[in-house]
Amino acid sequence: MSVAAAAVAAAEENARHVFDMRAIANRYAALLQLCDPRRPAAESRARTVHAHMITSGFSPKSHILNRLIDIYCKSANVNYAKKLFDEIPHTDVVARTSLIAAYSASRKPKLAREIFDSTPLRFRDTVMYNAMITCYSHNNDGHAAIRLFNSMRAVHLWPDYFTFSSVLAALALIADQEKHCGQLHSSVIKSGANRATSVVNALISVYVKCASSPFVLSSSLLESARKLFDEMSVKDELTWTTIITGYVKNDDLDAAKEIFDGINEKFVVAWNAMISGYVHKGRFQEALELLRKMYLSGIKLDEFTFTNILSACADAGLFHHGKQLHAYIVKTEPTFGGEFSVSVINALITLYWKCGQVDEACKVFEKAEFRDIISWNTVISAYVSRGKINEAKSFFDRMPEKNSLTWTVMISGFAQNGFGEEGLKVFNQMRLNGIEQCDYAFAGAITSCAVLADLKHGTQLHAQLLQLGFDSSLSAGNALITMYARCGDLEAAESLFFTMPFIDSISWNAMIAALGQHGRGAQALSLFKEMLGEQIVPDRVSFLIVLSACAHAGLVEEGRDLFHSMSENFGMTPGEDHYAVLVDLLCRAGKLSEAKSVIDSMPFEPGAPIWEALLAGCRNHRNVDLGVQAAEHLFNLIPQHDGTYILLSNMFSNSGHWDEAAKVRKLMRERGVKKEPACSWIEVENKVHVFLVDDTIHPEMVAIYSYLKELGQRMRKLGYVPDTRYVLHDMESEQKEYALSTHSEKLAVVYGLLKLPPGATIRVYKNLRICGDCHNAFKFMSMAENRVIIVRDVKRFHHFRNGECSCGNYW
DNA sequence: CTAGGGTTAG
């Protein structure tokens, strides 16, 4: 026999073997198919087949094992199924789903969730989600079920009938309704028999709830509800309200109004539902109109009416209307101030807060006879949002009982106002008090780390977050992007952004801002374009971020185009902040006259930020005439603002106008303006440290940022005012140049860093002997040449008196 | 069936 023939024979034998094995596998699979888990003895039959496989030396492929897992699960033999599951490398989605269902049945939602989480996103399907949602519903965790249900949209999974019924069961848990409204749904649909008003009401409510889910784009569910509604002979109050809110939730206010108008004897709840619809959709004027009609028709306004309208006034800034209503309530409601009206009190607090009257809001709180936890939280939020962090903290401390929301507000309040250490302290206290830490609380703590540029702590929090299973949290993820970026780890920020399972427009904004702050203007711009390609609608902040990225990177053309496309292509009117960035962008590029003509052509009166940008530009590019104009406007707008004096005096000295500079300084002394410019030196331990740098996060600066925190603490110990003017010293080499490309406001304010024009470099000098004023002049002259100087180890400046320095001034 | 408090981006 030739070699070739032998080879052919071997191949045939092999093929036959493969074929045999396949045949055997098929027979096993068929046998297992016969074990119907719904029938008795399915498990023992499956076990027999399984044992046969083992003794005959057949090693089953995944699909057979998966089938076995399925059978064991459905026979309530979870542990055995889990053992198999752990042994085989490829479990399919069916087996996994069975396992989830089995754990659900044995009341182990945590284990079920483990299986769910271990399944890669792309393998999860609707059935698996259904199993997990059902698991939560069965185990009385309605909120988790609904959370999971809501997350389906982000992975583009379409809910089916089972999803709806399980989530309805969950809804029932939360709203404390009939427990089995899901089953009610199906049974009524199938039988079509029961026509009692209450049953049909429930069914309509089921339809409306499903129709309001974010997935359902077709109006057929709502139409079904409407059909049922139209066919009903006896309608009660519930029927009317359900269908009205159904239309409201589906953004069809006109249809809702039509139904509402059809009610002969309108009752309070219907009025309230309609008004609330208008309020929620931002149609405040119509809400007020309806209130007027309600009042005129003699219906008694109740608690819900008041809170609805007050919230409309708060959101629309209709302070006058709100205040009127307040007076009306006090006058006409004898029960006002009683326990039942806590919600009205809370709405009033919100009204005064949102209309900028925080003290008035506080008065309402203090005067109120009854308060609940929401009242406290609202007052704290009010103070936090107005930067009155001390007041917020004292309320926080006074609170008799706090919930997780209270803690979260306080943590992020500290973080937002730049008090990172305090934010972390509260976060730790929250943990010590055993309060469950939600991802919002983590977001606040992470922002605190961003403020402190504490990469180490931030990374730790990230790890804890993953441990707790918050890996898909949007708020925490977005905070992490910013934290990593601000700590200089742009790569970490990027990889997080690209691996987050769900992202929203804030994630995009955060990432674009991160690139901008790192001087990567072009990348920021292209990411912005990518965002548009993903059909994400940019908001006002997006434009602010991307414009400022352009300003930092000197992308004048691009910035200008963006600014114009904002109104032309996106239908947004640029606000004062956008104009300020545009002016800033032009000023940095030295296009001062163009900046001025932008200001002149603005559709509204330019405010302080705009003139300040222009003045800063004039300082950097030595345009005294224009700078003086800008300063005049600033003095008119904000006479008490120290920054104007400082900018002005720096502009004069920068351009060699020494007399004028001296005059401004004299004025400053008279007015008690603090001499320290934002970029001054600070004395620590007998050394003078001057740190001048823009806020670009340069890799070499990362060490500096974490050092700032330590230095700040040391300053406190030494009795220095721990304001924002942190400093740097200890640069390694004596003379070093850092290429810096960008510049922006926020970190400069936080850290007391200085603004620089694009492409600036830093130079470090040692033992430079000049007086303070000359130092400033020197500094700003250098800035004009794109140079910044770091001076260190300078002996006390006031040792240099008249005559010692070439300028003849003394400090 | 209707109302009041939170997070993340600049």
Side-chain angles (χ1 to χ4, degrees), chain A residues 175 177 201 204-205 208-209 236-246 248-249 267-277 279-280 302-312 314 341-351 353 372-382 384-385 403-413 415-416 438-447 450 473-483 485 503-514 516-517 538-549 575 577-578 580-581 744-746:
Chain A
Q177 300 162 344
N201 280 345
I204 291 177
S205 126
V208 162
K209 273 182 188 160
D236 61 10
E237 296 194 351
L238 199 66
T239 323
W240 290 101
T241 326
T242 312
I243 198 84
I244 289 174
T245 47
V248 167
K249 282 182 183 149
F267 44 94
V268 193
V269 179
W271 286 99
N272 288 343
M274 200 58 231
I275 290 175
S276 131
V279 173
H280 275 285
D302 73 357
E303 218 179 328
F304 287 94
T305 324
F306 294 142
T307 42
N308 263 326
I309 295 294
L310 287 173
S311 120
S341 58
V342 182
S343 52
V344 180
I345 298 279
N346 294 339
L348 280 169
I349 297 174
T350 311
L351 169 82
W353 157 29
D372 62 6
I373 199 157
I374 296 181
S375 330
W376 285 93
N377 287 346
T378 312
V379 172
I380 293 178
S381 299
V384 159
S385 72
N403 62 10
S404 86
L405 201 142
T406 321
W407 290 90
T408 307
V409 174
M410 202 60 238
I411 295 167
S412 52
Q416 281 162 11
C438 57
D439 54 339
Y440 291 142
F442 268 92
I446 291 163
T447 306
S473 158
L474 261 177
S475 51
N478 293 342
L480 278 168
I481 292 177
T482 308
M483 188 278 293
I503 56 172
D504 62 0
S505 68
I506 295 186
S507 322
W508 286 93
N509 286 352
M511 195 59 230
I512 295 169
Q517 283 169 350
D539 58 10
R540 309 181 64 78
V541 180
S542 312
F543 278 100
L544 213 57
I545 290 167
V546 74
L547 274 172
S548 116
D577 37 4
H578 296 98
V581 179
S744 94
E745 196 68 44
K746 188 164 182 181

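Note that the structure is predicted; figures quoted are calculated from it, not measured. Per chain, numbering begins at 1; letters A, B, ... match sequence-line order.
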Minimum-distance nucleotide to [X] side chain [options: [options]]:
| X | options | value |
| --- | --- | --- |
| Thr242(A) | dT8(B), dT7(B), dC1(B) | dC1(B) |
| Ser381(A) | dA9(B), dG5(B), dT8(B) | dG5(B) |
| Glu303(A) | dA9(B), dG6(B), dA3(B) | dA3(B) |
| Thr408(A) | dT8(B), dG10(B), dG6(B) | dG6(B) |
| Ala513(A) | dG10(B), dG4(B), dG6(B) | dG10(B) |
| Trp353(A) | dA3(B), dG6(B), dT8(B) | dG6(B) |
| Leu544(A) | dT2(B), dA9(B), dG10(B) | dG10(B) |
| Thr307(A) | dG4(B), dG6(B), dA9(B) | dG4(B) |
| Ala510(A) | dA9(B), dG6(B), dT8(B) | dA9(B) |
| Val342(A) | dG4(B), dG6(B), dT2(B) | dG4(B) |

Whole-Å gap separating [atom2] ([N]) and [atom1] ([X]):
| X | N | atom1 | atom2 | answer |
| --- | --- | --- | --- | --- |
| Lys249(A) | dA3(B) | NZ | C1' | 13 Å |
| Ile275(A) | dC1(B) | CD1 | C1' | 14 Å |
| Ile373(A) | dG5(B) | CD1 | P | 15 Å |
| Trp376(A) | dG5(B) | CH2 | C1' | 14 Å |
| Asp439(A) | dG6(B) | CG | C1' | 11 Å |
| Asn478(A) | dT7(B) | CG | C1' | 9 Å |
| Asp504(A) | dG10(B) | CG | P | 13 Å |
| Met483(A) | dT7(B) | CE | P | 19 Å |

*Is Phe304(A) stacked on the base of dT2(B) when the test is centres under 5.5 angstrom and planes under 30 degrees?*
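Base of dT2(B): stacked against Phe304(A).
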
Mind checking [X] for me? I need base, sugar-phosphate or nothing, with any heavy atom below 4.0 Å counting as a touch.
| X | answer |
| --- | --- |
| Val269(A) | base |
| Trp407(A) | nothing |
| Ile545(A) | sugar-phosphate |
| Thr406(A) | nothing |

Just by distance, with hydrogens left out, do [X] and [Y] show a side-chain donor and acceptor under 3.5 Å apart?
| X | Y | value |
| --- | --- | --- |
| Asp302(A) | Thr305(A) | yes |
| Trp353(A) | Ser385(A) | yes |
| Thr378(A) | Asn346(A) | no |

Is any side-chain nitrogen or oxygen of [X] closer than 4.0 Å to OP1 or OP2 of [N]?
| X | N | value |
| --- | --- | --- |
| Ser412(A) | dT7(B) | yes |
| Ser276(A) | dA3(B) | yes |
| His280(A) | dT2(B) | no |

*Search all heavy atoms of Leu544(A) against all heavy atoms of Val581(A) and return the closest pair with its distance.*
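Closest pair (atom of Leu544(A), atom of Val581(A), distance): CD1-CG2, 3.9 Å.
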
*Considering residues at least two apart in sequence or located in another chain, which fulfil the side-chain hydrogen bond (donor to acceptor under 3.5 Å, both in side chains) criterion with Ser412(A)?*
none

*Partners passing ring pair (Phe, Tyr, Trp, His ring centres under 6.0 Å) against Phe306(A) (at least two apart in sequence or in another chain)*: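 Checked Phe306(A) against ring pair (Phe, Tyr, Trp, His ring centres under 6.0 Å); zero matches.
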
*Residue pair Ser507(A) / Asp504(A), side-chain heavy-atom distance below 4.5 Å*: yes

*Hey, is the side chain of Asn308(A) pairing donor to acceptor with the base of dA3(B) inside 3.5 Å?*
no

